[in-house]
Amino acid sequence: MNAFPSPPPPSSSSSSNFTLFTHSKNSNYLFKFSLKLPVLPLPCCSLGDSSTSATVLDKNVISSEDNSYNAVSQRDSNFEGALVVRRPVMEFSGDDSDEEEEEKKKEIIEEDKPNVYAIDTGLNKFAKKMPMFEPSRMGSDSKEKPLTVNLDLALYRAKVLARKFQYEESESILQKCIFYWPEDGRAYVALGKILSKQSKTVQAREIYENGCQATQGENSYIWQCWAVLEMKMGNVRRARELFDAATVADKRHVAAWHGWAILELKQGNLKKARNLLAKGLEYCGQNEYIYQTLALLEARANRYQQARYLFSQATKCNPKSCASWLAWAQMEVEQENYRAARQLFEKAVQASPKNRFSWHVWGLFEANLGNIDKGTKLLKIGHALNPRDAVLLQSLALLEYKHSTANLARVLFRRASELDPRHQPVWFAWGWMEWKEGNLNTARELYQKALRIDSNSESAARCLQAWGVLEQRAGNLTAARRLFRSSLNINSQSYVTWMTWATMEEDEGNSVRAEEIRNLYFQQRTEVVDDASWVMGFLDIIDPAIDRLKRLFKMDPNSYNMPPDTSRNISGTNKSRIDLASPSSISNDDDESDFDLDAFIIKRLSLDPSNLEVQLGTPKSSSVKRSQAPRRIWKSYYRIAKSVS
C-alpha cells in the first residue's frame, strides 16, 4: 500500500520531498522512506485537476525509479534523508566491453518492468563482477595453503620413494613441500640428503642455503646437514662455521656437537673434540652416542676397562642401539675375545632383528673365523630381510668367489650393481675379482665405472691404488706411477700407496727414488698421540662415532693408512684381522653359546631356514670339506705392497 500526499503549489524549486509508507511482513509496523523526486510543471494541467495530476505523478514515480539513486547522489548527496549508494571496486576482465553492451541492452528492455526487479538486477550485476561467485576464477587466482597433515604425508611418501631408489619422484614431492611450506625445515633436510646420495653436492648445497634463508637461520638441522656435506667434500673450515651456526641455533642439538667433535678428531684436534663433547654433555644430557664416542676414544688410548664401562652405559641408555653393540663387539674382536664378541653380536641382532649392519658384520666375523657356512647363512638372512641392500650381496659374492665359482660371484655382483649403481665398493670389488681372474680389460672398465661415481672419496683412492698395482703387473709403469700419484692426491696418509710405489721403483732399479718416496711419506704423515691426562673425571662426559662403525664393516680398521709395524694408539689393531691359520683363533666357542639362531629367525622374523637358498635365488652349494683355512680375499695392503716386489 502506497500513500502519497497531495502536491504543494508550484514554486521556484524543481523538486519536492515525499514520504513513502510500505507494508512489511509484520502488519504491526510500517516502513517509512523519505524520497526526493523531481516535479516538472505541467502546462496542460492545472492544480485544480486532481485526477490528472495524480496520474502524471504516478507515471513520474515509476519512470524515475531507475534514476533515483543517481539523481539523489548527484544533486543533493548531503541531504540527510537521501539514500546514498556507493558502488564497490570490482574486477573487470578482458571481456567487460561485451558484457557491458549486453547489460545496457538488458537495462533498456527492463526499464518498463516493475520496480520490484530493480534490486535483483543490481545484485546480479554486482555478483558478476565478484570472483568469489565464480569458482573457475577463484581457483586460478587464489593460492590456498593445504593443511599441515598433507606435509607429514608427503614427507613420508618421499621417504618411502627414496628407499626404493625412486629419487625423481621423491624430489618432485619435496619440491612441492618446499613451495607450500617454505618455513618447515624437514623438506630441505630430506631433499638435501637425497641429492647428496646421488653425488649432486652443488644442488644439495643450494637447497641447504635456501633452507637456512627461509627459516631465518633458526633451524639447527639444516645447518648440521650442510656442515656434514661440507665435511665430506673436504671443506673443513666451512664445516666448522656451519657446525658453529647449528649450535648457536639450538645448543641442545646433540648431532651438531657430535659432528663437530668427529670433524676435530679427524683433524687430530683431540682437545678441541673433548671440549665439544663436554659441551654436548652439558647442554644435551646423557646420550648413547656420546658414551659410544668416549668409549672408542678410551679404546684408542688402550684403556679397555674404561671403554667397556662406557659401552655398557651406552647400551643402558638405549638397549636397542645396534651401533653401540656392534662397536663394543669390534673392540672385543680386536682384543681376540671372540666369545664375548659373538655374544655382543647376538645381542645386537636381538636388539634390532631387521638391521642389515648387524647381520652383515656378524657374518663377516664368522667367515673370518673360518665358519664359512654360518657366515654365509647370516648374510643370507640379512639379504632376505633387506633384499635391496647391495652391500650384503657384495659380501656374498666375495664369499662365493672364495669358496665356490667366479660365475656365481659375477651374478651376485651384477645384481648388486643393479640395486645400487652408485655404490662404489661393488664396482671396486667386482673389478678386483676380474683382475684376479686375469680379465684385465674388464677390470679396467669396472674401475673406471667406480671412479665416475666419485673421484674424490676414500673408495676412489683405494680403487686408484689397486688399478696402479694392475698396471704395474701388466708392465705399464708410467700409468702405474700416474695412478699412484692420483691416489695420494686424494689420501696423502695412505701408507700402502706410498710403500707400493716405493717398492715398484726399487724393483726397477731406482733405489734413490724409492728412498725419496719413503722419506716423503714420513715427512708428511700426521701422527696423533693421545694423552691420558683427561681420563680422570671425564668418564661421565658423552657423544657418537659413526665413522668408526664404517671401518668396522670393513673388518680392517685403519689398515689402509697406517703401517702394521708402527706404534699404534689402539693395541690389538694388528690382531683385528683374524689369522685363519692360527689354531687358537678357531675354538669351540660356538658350542658355549645358548643362542638358537634357527628358532630366533622362525619366531621373530617368520623365516624358514631351509628356504634361505630359494629366497636368495642361488643354487644350493655342494658341501665342501674345509679342513684347511681358505685363501683370503682381502689381503692386507701391506702384503700387497710386499708382493709387488
Side-chain angles (χ1 to χ4, degrees), residues 288-289 291-292 295-296 299 304 307-386 389 391-392 395-396 399 544 546 548-555 557 572 575-578 580 584-610 612 615:
E288 55 176 302
Y289 296 107
Y291 277 120
Q292 177 186 330
L296 294 174
Y304 298 104
R308 291 186 180 94
Y309 168 77
L310 291 169
F311 276 129
S312 64
Q313 294 298 317
T315 55
K316 286 180 181 178
C317 288
N318 185 8
K320 295 185 178 181
S321 175
C322 182
S324 299
W325 292 110
L326 292 179
W328 192 356
Q330 170 65 5
M331 188 193 72
E332 298 299 341
V333 170
E334 293 175 356
Q335 295 300 305
E336 297 186 354
N337 298 327
Y338 304 135
R339 181 175 179 273
R342 184 177 287 109
Q343 293 177 352
L344 293 171
F345 283 130
E346 294 171 357
K347 291 183 179 294
V349 168
Q350 295 174 10
S352 182
K354 294 185 179 181
N355 190 291
R356 61 189 180 96
F357 297 113
S358 57
W359 296 105
H360 185 201
V361 180
W362 190 8
L364 294 180
F365 166 74
E366 297 293 347
N368 285 339
L369 283 178
N371 302 325
I372 306 301
D373 292 335
K374 186 174 182 179
T376 305
K377 182 178 181 180
L378 292 170
L379 292 176
K380 290 179 179 179
I381 294 173
H383 175 72
L385 297 173
N386 303 274
D389 185 77
V391 181
L392 289 167
S395 298
L396 278 171
L399 285 179
I546 301 301
R548 175 66 170 170
L549 280 180
K550 293 181 180 179
R551 294 173 180 171
L552 162 65
F553 300 150
K554 300 170 186 176
M555 299 300 292
K575 306 172 185 178
S576 61
R577 179 169 296 280
I578 301 165
L580 299 180
S584 60
S585 63
I586 303 176
S587 61
N588 59 352
D589 292 340
D590 192 27
D591 299 336
E592 301 177 5
S593 177
D594 297 332
F595 181 71
D596 191 348
L597 180 60
D598 293 341
F600 175 77
I601 63 174
I602 291 174
K603 182 179 180 180
R604 293 287 301 275
L605 304 175
S606 301
L607 293 178
D608 187 0
S610 60
L612 291 176
Q615 293 179 6

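These figures come from a predicted structure and were not determined experimentally. These numbers come from the heavy atoms of this one structure, side chains and all, not from hydrogens, waters or symmetry mates.
- Residue pairs meeting the side chain to side chain donor-acceptor pair (under 3.5 Å) criterion with at least one member in residues 347-357, sequence neighbours excluded: R356-D389.
- For the pair Q292 and A314, the tightest heavy-atom approach, listed with the atom from each and the gap, is N-CB, 4.1 Å.
- The two residues P609 and L607 make their nearest non-hydrogen contact at CD-O, 3.4 Å.
- Separation of atoms OH (Y291) and OG (S324) is listed at 11.5 Å; rounding is to 0.5 Å.
- In this structure, the side chains of V349 and L597 stay at 4.5 Å or more apart for every pair of heavy atoms.
- Using a distance-only test at 3.5 Å, with no hydrogens or angles considered, no donor-acceptor pair links the side chain of S321 to the main chain of N318.
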What's the verdict on ring pair (Phe, Tyr, Trp, His ring centres under 6.0 Å) for F365 and F345, showing C-alpha distance, side-chain angles and the deciding distance?
CA-CA 9 Å; F365 166 74; F345 283 130; 5.1 Å; yes
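- With hydrogens and angles disregarded, no donor-acceptor distance shorter than 3.5 Å links the side chain of W359 to the backbone of L385.
- Among all heavy-atom pairs drawn from L396 and K380, the shortest one is CD2-CG, 4.1 Å.
- Summarising the geometry, atom CZ belonging to F311 is positioned 15.0 Å from atom NZ belonging to K316; distances are rounded to the nearest 0.5 Å.
- Rounded to the nearest 0.5 Å, atoms CD1 (I602) and CG (D596) are 8.0 Å apart.
- How far CG of L379 is from CG of L399: 6.0 Å, rounded to the nearest 0.5 Å.
- Between V361 and E366 there is no side-chain heavy-atom pair separated by less than 4.5 Å.
- Taking 4.5 Å as the limit, every side-chain heavy atom of Y289 sits out of range of all side-chain heavy atoms of C317.
- Rounded to the nearest 0.5 angstrom, W325 CH2 and S358 OG are separated by 13.0 Å.
- In this structure, the side chains of Q330 and E334 come closer than 4.5 Å at one or more pairs of heavy atoms.
- Considering only heavy atoms from C-beta on, W362 comes within 4.5 Å of R342 through its side chain.
- Contact check for V391 versus H360: side-chain heavy atoms found under the 4.5 Å cut-off.
- Here the CZ-CD distance, from R308 to E332, works out to 4.5 Å after rounding to the nearest 0.5 Å.
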Walk me through whether D598 and K603 qualify under salt bridge (Lys or Arg N to Asp or Glu O under 4.0 Å).
CA-CA 9 Å; D598 293 341; K603 182 179 180 180; over 6 Å; no
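- No donor-acceptor pair under 3.5 Å is formed between the side chain of N371 and the backbone N or O of A367.
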